[in-house]
Amino acid sequence: MPSSMRVLHTADWHLGFSNNGLSRAEDQRRFLAWLRELIVSREVELLLVSGDIFDREMPSSEAMKLYYDFLSSLRSLPQTVHVVITAGNHDAARNLAAPKEPLRWVNATVIGQLSADPESWEQALLSFEARDASHPGIVVAAVPFVQAYHLGSVPPGMEGQAESQERAEQAIGGCYKRLAEVAEARFPNRPRIAMGHLTVGKPATEDKQLRRIHSWEGVGGLQGLSTDIFGAGYCYVALGHIHRAYAVSSAPPIRYAGSPIALDHQEAGRPHSVTLLEVEADGTVRHELVEVPQDRALLTLTGHGPEICAKIANLAPTQLPTLLDIQQTVEQHELHGDSAIDAAIAALPEPRPIKIGHRKQLPGSDVGPDPIALPPLEQVTPEQLFARMFEAKHKQPPADHLLELFRTISAGE
Ligand SMILES: [Mn+2]
């Protein structure tokens, strides 16, 4: 057996994510506990997290606690595990990198942002020794989410325009190529892995989810950049940004890790995984997708009321409450009230499913009933807005105790 180094590639944790206000912190806590066990059982030496650690720029205290507790928990493992974290487009790069120094104590390195100065890019170049002394170790080019103008060759504001695609490829490609050259000079013959949080390659045309993310979130709104930007200097490219585990290219492997848990109903119904790599001394990489247990189901139920109620009655039990997105076909007289569906849910044993969406549509129409029209925003008080939105969603005005609760919250008490 040639000696190899085990590396785990993951991304897009989106800690602090919630579905219509329902926190997914428990799902994420379970994922991180599972990940820690996997690191032990598969003797992982290096963990790469390719961006979107948090769901938002100002993460909740709950999300931050998940993150720091996980990193601290790696300290008590029998063997040292190094962690490389890069900022994604959802992360506030500076905030993520602010605790850089204390995180060194838990063997974690955070790269938040790259500046226009090519000399500074070398901070993203990290070298790790292997446990097995006969293995040369690995160099990681930990490139975070980067707008091409950060790198200095595309003017701000030009991003997203078709003519800037080529310049973005030159700027970002130049960064990867420079890092590979510097790494070769400093650490000759060490296998190199590149990280990135961006859209590269073309999505499969049948994959609506990928196309959606490509068109909405490409680097600066660009379509996928060419895979040529990574050059020939890396034996593996560990990507984040697109929430599906797939290979953009196979030689060398350029892979998205995908989100470890299904975040919304569009991500549900397919496996979610982390990518385990065996990196040999000569840079040969084998990969294995290790499926992440999903303790919660996210289901979309469609049909008429009685069909949906029957589907609810037959739901398989799960560890955490199933999240239901209900798309009900209704007749005109059924537009108000959900009592049969709510009763079907209430009849189930704990943990009962939670309805996070309920859309009603008349047969043959693609859209639900018109949302309630709102006067200009400046003429509406927050409470009126809340009441109208509640009514639009639930087909009835909010009960008094909900209005009371809203007043308490908006008064900041
Ligand atoms: Mn993401």
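Quick note: numbers below take in every heavy atom, side chains included, and nothing from hydrogens, waters or symmetry partners. Just follow the structure's listing: the first ligand is 1, and inside any ligand the first atom is 1.
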What N/O/S atom of Asp12 gets nearest to the Mn ion (ligand 1)? OD1
In terms of relative ring orientation, are Tyr256 and Tyr246 parallel, tilted or perpendicular, with 30° and 60° separating the classes? parallel
Look at the rings of His14 and Phe17 and say which category their plane angle falls in: under 30° parallel, 30 to 60° tilted, over 60° perpendicular. perpendicular
Step by step, would you call Asp342 with Lys355 a salt bridge (charged side-chain N to carboxylate O under 4.0 Å, His left out)? CA-CA 9 Å; Asp342 289 341; Lys355 201 171 68 170; 2.9 Å; yes
Give, rounded to 10 degrees, the angle between NE2 (His14) and OD2 (Asp52) as seen from the Mn ion (ligand 1). 90°
Can you tell me how the ring of Phe54 sits relative to the ring of Tyr67, calling it parallel under 30°, perpendicular over 60° and tilted otherwise? perpendicular
The Mn ion (ligand 1) to His197: any N/O/S contact under 2.8 Å? no
Indicate if the distance from the Mn ion (ligand 1) to the nearest N, O or S atom of His243 falls below 2.8 Å. yes
